[in-house]
Amino acid sequence: MIRKLTDPEVLEALETHAEEIDFILVPGFKNSGPEHWQSFWEREVEIFHRIEQRRWDQRDIVLWIDAIGRMLTNRKRPAILIGHSLGALASACVIAKGELNVVGGMFVAPAEPMRFAVEERVPRDPLAIPTVVVASHNDKLISFPRAKGLADDWTSDFIDVGEAGHINSEAGFGRWPYGLTILKDLADRIVAQKGDA
């Protein structure tokens, strides 16, 4: 269980933040399988909610953007989007539009926009809320410099996780407790900024 693999203080902090913030998982192309860290988080930590859609096998980013919109319009609290791969790109698009109540984004292994023909849609300007990009040096879906370039465009914090493939189950990322720490740090910053406002 995640609780046994993660610093209990990390989970306690996230559970406290979840009293004010919704944590929304946004999987990538073909959804996240049962051994993917997003699936472990959803199953083992009650604070997480996953977007829903029928056509995970379609490469149309609009399906992801619409699915995020459907979920957030049914929720009253602000949300942090936790996107992987294509889900990270879709999350950045939603945040850039600024129409929904999103207060933060965690973009893990964002896919190369050209792979999904969304080069013109993905934002190239700073995002107005706190975000973090987590990237790997040997991700087959995007080069490390390109991932860093996206983070720079978005003024996101940037975390280099070394040789970590696509940061998915195939690369050995099952429960990924370090990811929860990254998310906690992001949520801490968002809540602190809100308190200073």
Open item on the list: Same cluster or not: Ile68 versus Ile95, using hydrophobic residues (I, L, V, M, F, W, Y) connected whenever any side-chain heavy atoms lie under 4.5 Å apart?
Closed with: yes
Open item on the list: Quick check on the hydrophobic clustering: are Val122 and Val108 connected, directly or via other members, by side-chain heavy-atom contacts under 4.5 Å?
Closed with: no
Task: Check: Ser32 and Arg50 side chains under 4.5 Å, non-hydrogen atoms - done: yes
- [ ] Any chance you could measure Ile21, atom CD1, to Arg75, atom CZ, to the nearest 0.5 Å?
- [x] 13.5 Å
Task: Minimum side-chain heavy-atom gap Ile24-Leu72 below 4.5 Å - done: yes
TODO: Determine, step by step, whether Phe48 and Gln38 satisfy the side-chain contact (heavy atoms from CB on, under 4.5 Å) criterion, reporting the C-alpha distance in whole Å, the side-chain angles of both residues, the deciding distance to 0.1 Å, and the verdict.
DONE: CA-CA 9 Å; Phe48 292 103; Gln38 286 184 322; over 6 Å; no
Open item on the list: Measuring only between side-chain heavy atoms, which start at C-beta, is Glu35 closer than 4.5 Å to Glu170?
Closed with: no
Task: Student check: side-chain heavy atoms of Val132 and Ser156 closer than 4.5 Å - done: no
Open item on the list: In terms of relative ring orientation, are Phe144 and Phe158 parallel, tilted or perpendicular, with 30° and 60° separating the classes?
Closed with: perpendicular
Task: Distance-minimising heavy-atom pair for Leu89 and Pro110 - done: CD2-CB, 4.1 Å
Task: Common cluster, Leu14/Val103, ILVMFWY with side-chain heavy-atom separation under 4.5 Å - done: yes
TODO: Indicate if Leu127 and Ile159 have the same hydrophobic cluster label, given that clusters are the connected sets of ILVMFWY residues with side-chain heavy-atom separations under 4.5 angstrom.
DONE: no
- [ ] Could you tell me whether Glu52 atom CD has more than 12 heavy atoms of other residues or ligands within 6.0 Å of it?
- [x] no
Task: Straight-line distance of Lys184 NZ to Asp7 CG, nearest 0.5 Å - done: 8.5 Å
TODO: Step through it carefully: locate the ring centre of Trp37, locate the ring centre of Phe40, and say whether they are under 6.0 Å apart.
DONE: no
Task: His166 and Ser136: side chain donor to acceptor below 3.5 Å - done: no
TODO: Find out whether Glu46 and Glu15 are in side-chain contact, i.e. whether some heavy atom of one side chain is under 4.5 Å from a heavy atom of the other.
DONE: no
Open item on the list: So which atom in Val133 and which in Ala147 form the shortest heavy-atom distance, rounded to 0.1 Å?
Closed with: CG1-O, 4.2 Å
Open item on the list: Please find the pair of heavy atoms, one from Asn138 and one from Gly165, that lie closest to each other, and give the distance.
Closed with: OD1-N, 2.7 Å
TODO: Show the numbers, then the answer: is there a salt bridge (Lys or Arg N to Asp or Glu O under 4.0 Å) between Asp22 and Arg77?
DONE: CA-CA 6 Å; Asp22 284 336; Arg77 295 184 299 186; 2.6 Å; yes
Task: Worked verdict on Arg146 versus Glu112 for side-chain contact (heavy atoms from CB on, under 4.5 Å) - done: CA-CA 8 Å; Arg146 175 70 157 141; Glu112 167 56 57; 2.9 Å; yes
TODO: Please determine if Arg55 and Asp60 form a salt bridge, counting it only when a charged side-chain N lies under 4.0 Å from a carboxylate O.
DONE: no
Open item on the list: Between His49 and Phe23, is there a side-chain heavy-atom distance shorter than 4.5 Å?
Closed with: no
Open item on the list: Under the criterion side-chain contact (heavy atoms from CB on, under 4.5 Å), I'd like the reasoning laid out for Val94 against Val26: C-alpha separation, chi angles, the key distance, then a yes or no.
Closed with: CA-CA 11 Å; Val94 168; Val26 186; over 6 Å; no
Task: Rounded distance [0.5 Å steps], CD1 in Ile47 versus CG in Leu11 - done: 7.5 Å
Task: Salt bridge Arg70-Asp66, side-chain N to carboxylate O under 4.0 Å - done: no
Task: Cys93 to Ile65 - nearest heavy-atom pair and separation - done: CB-CD1, 3.7 Å
Task: Gap separating the CD1 atom of Ile51 from the CG atom of Leu81, nearest 0.5 angstrom - done: 9.0 Å
Task: Joint cluster assignment, Ile129 & Leu183, ILVMFWY side-chain distance < 4.5 Å - done: no
Open item on the list: Please determine whether side-chain hydrogen bond (donor to acceptor under 3.5 Å, both in side chains) holds for the pair His36 and Asn168, giving the CA-CA distance in whole Å, both sets of side-chain angles, and the decisive distance to 0.1 Å.
Closed with: CA-CA 6 Å; His36 192 285; Asn168 57 5; 5.8 Å; no
- [ ] Indicate the atoms forming the closest heavy-atom contact of Ser39 with Pro34, along with that distance.
- [x] CB-O, 3.7 Å
Task: side-chain contact (heavy atoms from CB on, under 4.5 Å) between Val102 and Ile80, worked out - done: CA-CA 6 Å; Val102 181; Ile80 293 176; over 6 Å; no
Open item on the list: Is the distance from the ring center of Phe107 to that of Trp154 below 6.0 Å?
Closed with: yes
Task: pair Leu86-Trp56: side-chain heavy atoms closer than 4.5 Å - done: no
Task: Shortest non-hydrogen separation from Asp153 to Arg124 and the atoms involved - done: OD2-NE, 2.8 Å
Open item on the list: Would you compute the distance between atom CG of Leu186 and atom CE of Met106 and round it to the nearest 0.5 angstrom?
Closed with: 8.0 Å
- [ ] Specify whether Phe29 and Phe116 have parallel, tilted or perpendicular ring planes, treating 30° as the upper limit for parallel and 60° as the lower limit for perpendicular.
- [x] perpendicular
Open item on the list: Working to the nearest 0.5 angstrom, can you tell me the gap between Arg115 CZ and Leu141 CG?
Closed with: 4.5 Å
Task: Close side-chain approach of Thr181 and Asp185, heavy atoms under 4.5 Å - done: yes
